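Take a look at the structure below.
Computed from a predicted model, the values in this text were never measured in an experiment.
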Amino acid sequence: LFGFYGFLRQSNLAPPTVASFDTKRHTCRDDMLFHHPGLILILKWSKTIRGSSQPELIPLATNEDENICPVCAYRDMSLAIPAKNKHAALLLVPPANHTGPATILTVPQLQRAFAELLKVLGLSTTAYSLHSLRRGGASLAAANQASHSDIMRHGTWRSNAVNNYIGSVGPKTKVARCLATANAGCLYWYLIRFTCVPSPMREGRHQSVSLVNSVHYIIFLLLANLSSLYQLGVLPKSHTSTTILAILQRLRTLYWKTL
């Protein structure tokens with residue numbers, strides 16, 4: 001969530017090794033301040049911020065959905081994995097069996113955890129990486145009519161390299177608007193029609209994906225996209241769409257219980 005909403009590079013999230021952690025360069029707990037609109041992240045160093053440059057202040061706004069709210073996530077993390085002092089690393093690994101001190105989360109550990117999440121979602125671990133969070137956040141901001149200059153400032157870009165991140169958002173937004181016009185019956189038909197699909201051949205036998213898990217999985221993906229479209233104003237805020245989202249929210253809860 002920090003990487004997505006803050007357009008952060010992986011080096012802003014964690015150090016490459018425990019030994020290389022430097023409080024003057026890497027993000028510490030003391031660099032996160034509760035302030036309007038939610039949190040302020042003090043970014044001390046990156047490829048575009050050097051020692052002589054002033055730190056950048058990156059705001060992270062509170063989200064109405066607590067499941068994807070960076071402020072709620074930081075508060076919960078701070079309570080679950082408290083730091084010994086304000087100079088501790090932002091992201092810590094809890095001790096095994098809850099005994100001993102927490103250790104610094106490194107970039108390789110973060111990469112492995114991110115890859116495991118991609119596998120759970122059935123996504124390619126080669127097509128997506130931690131840098132996809134930076135790209136995805138910038139793309140969503142552009143789709144929501146944030147200005148080019150504001151996106152550059154938020155992501156600490158110093159060149160037009162930002163265009164490589166947000167240049168193709170326009171056509172995708174048109175597709176999203178087309179999908180948003182589908183009624184509930186149409187969505188339901190496609191959901192059931194394309195759910196129980198065969199998995200690749202394994203050990204010479206044809207295995208199929210569980211219908212229930214597949215339905216829950218696709219519903220979860222639909223919920224993620226429909227919720228975003230609803231909040232951005234792309235999906236009409238009618239009684240019907242509100243009801244659909246309420247149903248999908250319930251089904252998403254059921255999906256997580258099956259994992």
Side-chain angles (χ1 to χ4, degrees), residues 1-63 68-94 101-111 113-114 129-142 144-166:
L1 291 175
F2 299 152
F4 183 84
Y5 289 113
F7 306 172
L8 301 180
R9 301 174 176 88
Q10 62 182 19
S11 59
N12 300 137
L13 294 171
T17 63
V18 173
S20 65
F21 175 70
D22 184 351
T23 57
K24 295 180 180 180
R25 295 179 56 176
H26 299 113
T27 308
C28 304
R29 288 287 177 95
D30 192 42
D31 297 323
M32 298 290 283
L33 308 174
F34 286 99
H35 192 278
H36 181 77
L39 282 172
I40 297 293
L41 167 62
I42 302 175
L43 207 59
K44 297 173 292 191
W45 183 92
S46 74
K47 63 186 294 184
T48 57
I49 306 172
R50 301 301 178 179
S52 60
S53 303
Q54 290 293 324
E56 292 282 351
L57 303 182
I58 310 297
L60 304 175
T62 302
N63 194 299
I68 55 174
C69 175
V71 181
C72 294
Y74 179 70
R75 185 182 293 114
D76 293 344
M77 180 186 72
S78 298
L79 292 174
I81 315 174
K84 285 189 174 181
N85 57 68
K86 63 182 182 180
H87 299 301
L90 172 63
L91 303 180
L92 299 172
V93 179
T103 57
I104 298 173
L105 181 69
T106 63
V107 168
Q109 290 174 311
L110 197 57
Q111 290 172 334
F114 190 73
S129 67
L130 289 174
H131 205 68
S132 301
L133 300 175
R134 178 172 167 84
R135 186 187 190 102
S139 297
L140 179 59
N144 201 23
Q145 308 305 314
S147 71
H148 187 275
S149 59
D150 286 344
I151 292 174
M152 286 188 66
R153 281 195 294 270
H154 193 78
T156 66
W157 276 284
R158 296 289 186 267
S159 70
N160 288 327
V162 65
N163 295 332
N164 297 328
Y165 291 72
I166 63 177

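Side-chain atoms of Asp76 never come within 3.5 Å of backbone atoms of Leu79 as a donor-acceptor pair (strictly under, hydrogens ignored). With hydrogens and angles ignored, the 3.5 Å screen pairs a side-chain donor or acceptor of Asp31 with a backbone N or O of Cys28. The backbone N or O of Trp45 lies less than 3.5 Å from a partner atom in the side chain of Asn12, making a donor-acceptor pair. In this structure, Arg29 contributes its side chain and Lys86 its backbone to no donor-acceptor pair below 3.5 Å. A distance-only check finds a donor-acceptor pair linking the side chain of Lys44 to the backbone of Thr23 [under 3.5 Å]. Formation of a donor-acceptor pair under 3.5 Å by the Arg134 side chain with backbone atoms of Gly155 is found in this model.
Between the SG atom in Cys72 and the CG atom in Leu39 there is a gap of 9.5 Å [rounded to 0.5 Å]. Here Asn144 contributes atom CG and Ser139 contributes atom OG; the two are 12.5 Å apart, rounded to the nearest 0.5 Å. Here CZ of Arg153 is found 6.0 Å from OG of Ser147. Values are rounded to the nearest 0.5 Å.
With sequence neighbours excluded, the residues satisfying ring pair (Phe, Tyr, Trp, His ring centres under 6.0 Å) with Phe21 are His26. Residues passing the ring pair (Phe, Tyr, Trp, His ring centres under 6.0 Å) test with Tyr74 are Phe34, sequence neighbours excluded.
Contact detail for Ala14 and Val107: the closest heavy-atom pair is O-CG2, 3.2 Å. Across Pro70 and Ala61, no two heavy atoms sit closer than the pair CG-O, 3.5 Å. When all heavy atoms are compared, the tightest approach of Thr106 to Val18 is CG2-N, 3.6 Å. For the residue pair Met152 and Ser159, the shortest heavy atom distance occurs at CE-O, 3.2 Å. The shortest non-hydrogen separation linking Trp157 to Ala138 is CH2-CB, 3.9 Å. Here the shortest heavy-atom pairing between Gln109 and Ile104 reads OE1-O, 3.5 Å.
Counted by atom type alone, Thr156 and Arg9 present one or more donor-acceptor pairs between their side chains at under 3.5 Å.
Each of Thr27, Leu133, Leu13, Ile58 was compared with Phe2 under the side-chain contact (heavy atoms from CB on, under 4.5 Å) criterion, and only Leu13 meets it. Partner Leu57 forms a side-chain contact (heavy atoms from CB on, under 4.5 Å) with one of Leu33, Ile40, Leu43, Leu41 and no other, that one being Ile40.
Side-chain contact check for Arg135 versus Phe7: every heavy-atom pair is 4.5 Å or farther apart. Residues Phe4 and Ile68 have side chains not in contact (no heavy-atom distance under 4.5 Å, counting atoms from C-beta outward). The shortest side-chain heavy-atom distance between Leu90 and Met77 falls under the 4.5 Å cut-off. A 4.5 Å side-chain heavy-atom check between Ser129 and Gln10 finds every atom pair outside the cut-off.
Around the NE2 atom of His35, the shell of radius 6.0 Å holds no more than 12 heavy atoms that belong to other residues, nucleotides or ligands.
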Quick one: do Ile42 and Glu56 satisfy side-chain contact (heavy atoms from CB on, under 4.5 Å)? Show the steps, please. CA-CA 6 Å; Ile42 302 175; Glu56 292 282 351; over 6 Å; no

